[in-house]
Amino acid sequence: MRTYMIGLYEKAMPMQLSWKEKLEIAKAANYDYVEMSIDETDEKLARLDMTKKDRLELIETMYDVGIPIRTMCLSGHRKYPLGSSNYEISNKSLEIMEKAIKLADDLGIRVIMIAGYDVYYENSTSETQKRFFENVKKAVLMAAKYGIMLGFETMETEFMNTVWKAMFFIKNINSPYLGIYPDSGNIKNASLLYGSDVYDDLKSGVGHIFSLHLKETLPGKFREVPYGSGHVDFEKTIKTAWSIGVRRYVTEFWYMGNKNWKEDLININKKMRKILDAMTD
């Protein structure tokens with residue numbers, strides 16, 4: 001029996017597919033689970049208001065297909081950030097957070113990845129940073145009520161682009177329900193920006209990292225970089241994460257219209273499993 005799990009980011013598959021189709025394809029590609037996306041689009045945010053009937057049907061689909069949805073990437077806060085200087089927007093961000101936690105609780109999702117942005121479409125200030133901190137504390141108490149863990153994603157902006165920066169919030173909020181869900185590509189780019197060691201940065205989160213996004217990047221380019229064409233050393237990154245106890249990983253990449261996209265899912269799974277299968281305790 002393998003001592004780790006590897007999940008598939010939902011956006012690696014065509015958007016128009018049904019959940020049943022996505023789960024069947026992920027299972028056929030040998031993934032252990034799927035990561036749900038709740039991004040800033042109205043379509044994805046509407047998932048937060050799924051009816052009880054729809055939630056039950058999705059649970060039944062997971063059981064019928066034989067593969068679950070176990071993590072959620074909540075990037076909808078990019079449009080409605082926790083630190084917004086507009087109180088209507090920051091209040092909306094907490095509403096989104098509460099709905100996401102309740103949806104996770106209903107579906108059996110264990111970890112919600114939350115974006116490490118105080119704001120995105122407005123300027124970051126000491127006030128937006130302070131409001132972000134206060135609202136994250138509120139979000140953590142919501143999560144604690146339901147037993148759901150929140151993990152900071154390390155982002156492409158300087159506010160929280162390293163594990164070390166995320167640890168400031170972890171130490172000051174000090175809750176078992178708040179941790180880090182780093183992005184391998186983003187922290188690699190940050191290491192170039194600061195002239196630091198990406199593996200030391202990853203290790204700075206020891207004891208607080210719930211899972212790791214395995215994403216490829218290039219200097220200054222954070223999205224849609226095909227595996228093998230970027231500069232992330234996945235073998236060394238996984239080895240470092242493994243050494244500090246990380247046992248859950250998600251391949252993060254995007255469906256870009258490639259006609260061989262199903263083969264890509266299989267090949268990427270094989271590539272990452274080859275590395276993970278070589279890890280020993």
Side-chain angles (χ1 to χ4, degrees), residues 5-12 19 22 31-41 43-50 54-55 58-59 62 68-83 90-118 120 132-155 159-160 163 166-167 169-170 173-184 186 205 208-215 246-252:
M5 285 195 177
I6 185 165
L8 176 64
Y9 185 48
E10 179 192 348
K11 288 187 177 181
W19 268 119
K22 289 177 181 177
Y31 282 92
D32 298 308
Y33 65 97
V34 172
E35 180 164 277
M36 173 185 280
S37 168
I38 305 289
D39 63 22
E40 62 187 293
T41 63
E43 178 189 10
K44 292 284 177 39
L45 287 171
R47 289 177 170 176
L48 300 177
D49 295 309
M50 287 171 62
D54 289 339
R55 295 176 193 220
L58 182 49
I59 292 168
M62 288 187 246
I69 299 167
R70 282 294 175 260
T71 52
M72 177 192 296
C73 179
L74 180 60
S75 55
H77 279 143
R78 185 156 74 167
K79 184 176 181 181
Y80 301 101
L82 289 162
S90 63
N91 287 337
K92 174 76 170 177
S93 74
L94 288 173
E95 178 186 324
I96 287 171
M97 190 76 259
E98 185 173 23
K99 287 182 177 182
I101 290 168
K102 288 180 178 179
L103 179 62
D105 183 53
D106 283 346
L107 297 181
I109 289 171
R110 313 288 199 250
V111 178
I112 299 175
M113 170 187 271
I114 58 173
Y117 299 124
D118 58 334
Y120 188 78
F132 175 81
F133 181 81
E134 294 302 320
N135 282 340
V136 168
K137 287 197 294 185
K138 293 176 183 177
V140 170
L141 292 177
M142 294 178 194
K145 174 183 174 182
Y146 289 91
I148 304 296
M149 296 182 290
L150 307 181
F152 281 127
E153 181 180 10
T154 50
M155 310 308 297
F159 178 72
M160 195 186 295
V163 172
M167 281 301 298
F169 296 91
I170 304 304
I173 294 175
N174 193 27
S175 168
Y177 296 97
L178 181 65
I180 311 172
Y181 190 158
D183 181 302
S184 63
N186 291 352
H208 299 281
I209 296 178
F210 297 148
S211 185
L212 178 66
H213 256 187
L214 300 172
K215 189 185 79 177
V246 180
R247 294 295 183 271
R248 294 177 73 85
Y249 302 83
V250 168
T251 56
E252 184 188 15

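Here the structure is a predicted model, which is why all the values come from computation and not from measurement.
- Here the CZ atom belonging to Phe152 is positioned 10.5 Å from the CZ atom belonging to Phe210, to the nearest 0.5 angstrom.
- When all heavy atoms are compared, the tightest approach of Trp19 to Ile69 is CZ3-CD1, 3.7 Å.
- Ile112 CD1 to Met142 CE: the interatomic distance, rounded to the nearest 0.5 Å, is 11.0 Å.
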When the side chains of residues 93-100 are checked against the rest of the protein, which donor-acceptor pairs come out under 3.5 Å, sequence neighbours left out?
residue	atom	partner	partner atom	Å
Ser93	OG	Ser90	O	2.4
Glu95	OE2	Lys99	NZ	3.3
Lys99	NZ	Asp49	OD1	2.8

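- Inter-residue side-chain proximity for Glu153 and Leu74 is flagged as unmet; no heavy-atom pair is nearer than 4.5 Å.
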Practice task
Verify side-chain contact (heavy atoms from CB on, under 4.5 Å) between Met167 and His208, making sure each step is shown before the conclusion.
Solution key: CA-CA 8 Å; Met167 281 301 298; His208 299 281; 3.6 Å; yes
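- The shortest heavy-atom contact between Arg47 and Glu10 is NH2-OE2, 2.7 Å.
- Annotation: the span from Lys11 atom NZ to Lys22 atom NZ amounts to 10.0 Å, rounded to 0.5 Å.
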Practice task
With side-chain hydrogen bond (donor to acceptor under 3.5 Å, both in side chains) as the test, would you mind laying out the steps for Tyr181 and Thr154 before giving the verdict?
Solution key: CA-CA 7 Å; Tyr181 190 158; Thr154 50; over 6 Å; no
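- Annotation: cation-pi geometry not satisfied between Arg70 and Tyr33 (NZ/CZ under 6.0 angstrom from ring centroid, within 45° of ring axis).
- Ring geometry for Phe133 against Phe169 counts as tilted: the plane angle lies between 30° and 60°, on a 0 to 90° scale.
- The backbone N or O of Val246 sits less than 3.5 Å from a side-chain atom of Tyr249, completing a donor-acceptor pair.
- Put simply, the residue from Leu45, Asp39, Thr41 that forms a side chain to side chain contact (heavy atoms under 4.5 Å, CB included) with Glu43 is Thr41.
- The minimum heavy-atom distance between Leu150 and Ala143, with the atom names listed, is CG-CB, 3.7 Å.
- In this structure, Asp118 and Pro81 approach most closely via the heavy-atom pair O-CB, 3.3 Å.
- The two atoms that bring Ala166 and Ile180 nearest to each other are CB-CD1, 3.9 Å, heavy atoms only.
- Looking only at atom types and distance, the side chain of His213 has a donor-acceptor partner in the side chain of Glu35 under 3.5 Å away.
- Using a 4.5 Å cut-off on side-chain heavy atoms (C-beta onward), Leu48 and Ile38 make contact.
- Between the side chain of Glu252 and the backbone N or O of Tyr9, no donor-acceptor pair lies under 3.5 Å.
- Nearest approach of Ile148 to Arg110, heavy atoms of both residues: CG2-O, 3.8 Å.
- Considering only heavy atoms from C-beta on, Met113 stays 4.5 Å or farther from Thr71 through its side chain.
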Practice task
Evaluate the criterion side-chain contact (heavy atoms from CB on, under 4.5 Å) for residue pair Ile109 and Leu103; output intermediate values, then yes/no.
Solution key: CA-CA 8 Å; Ile109 289 171; Leu103 179 62; 5.6 Å; no
Problem - Worked verdict on Ile59 versus Leu107 for side-chain contact (heavy atoms from CB on, under 4.5 Å) - result: CA-CA 6 Å; Ile59 292 168; Leu107 297 181; 4.0 Å; yes
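- Atom OG of residue Ser175 and atom CG of residue Leu141 lie 7.5 Å apart, to the nearest 0.5 angstrom.
- Between Val136 and Leu178 there is a side-chain heavy-atom pair separated by less than 4.5 Å.
- Ser75 contributes atom OG, which lies 12.0 Å from atom CD1 of Ile114 (distance to the nearest 0.5 angstrom).
- Judged purely by atom type and a 3.5 angstrom limit, Ser211 uses its side chain to pair as donor or acceptor with the backbone of Arg248.
- Between atom NZ of residue Lys137 and atom CD1 of residue Ile173 there is a gap of 7.0 Å, rounded to the nearest 0.5 Å.
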Exercise for the section: Decide yes or no on side-chain contact (heavy atoms from CB on, under 4.5 Å) for Tyr146 and Lys102, but give the supporting numbers first. Expected result: CA-CA 8 Å; Tyr146 289 91; Lys102 288 180 178 179; 3.3 Å; yes
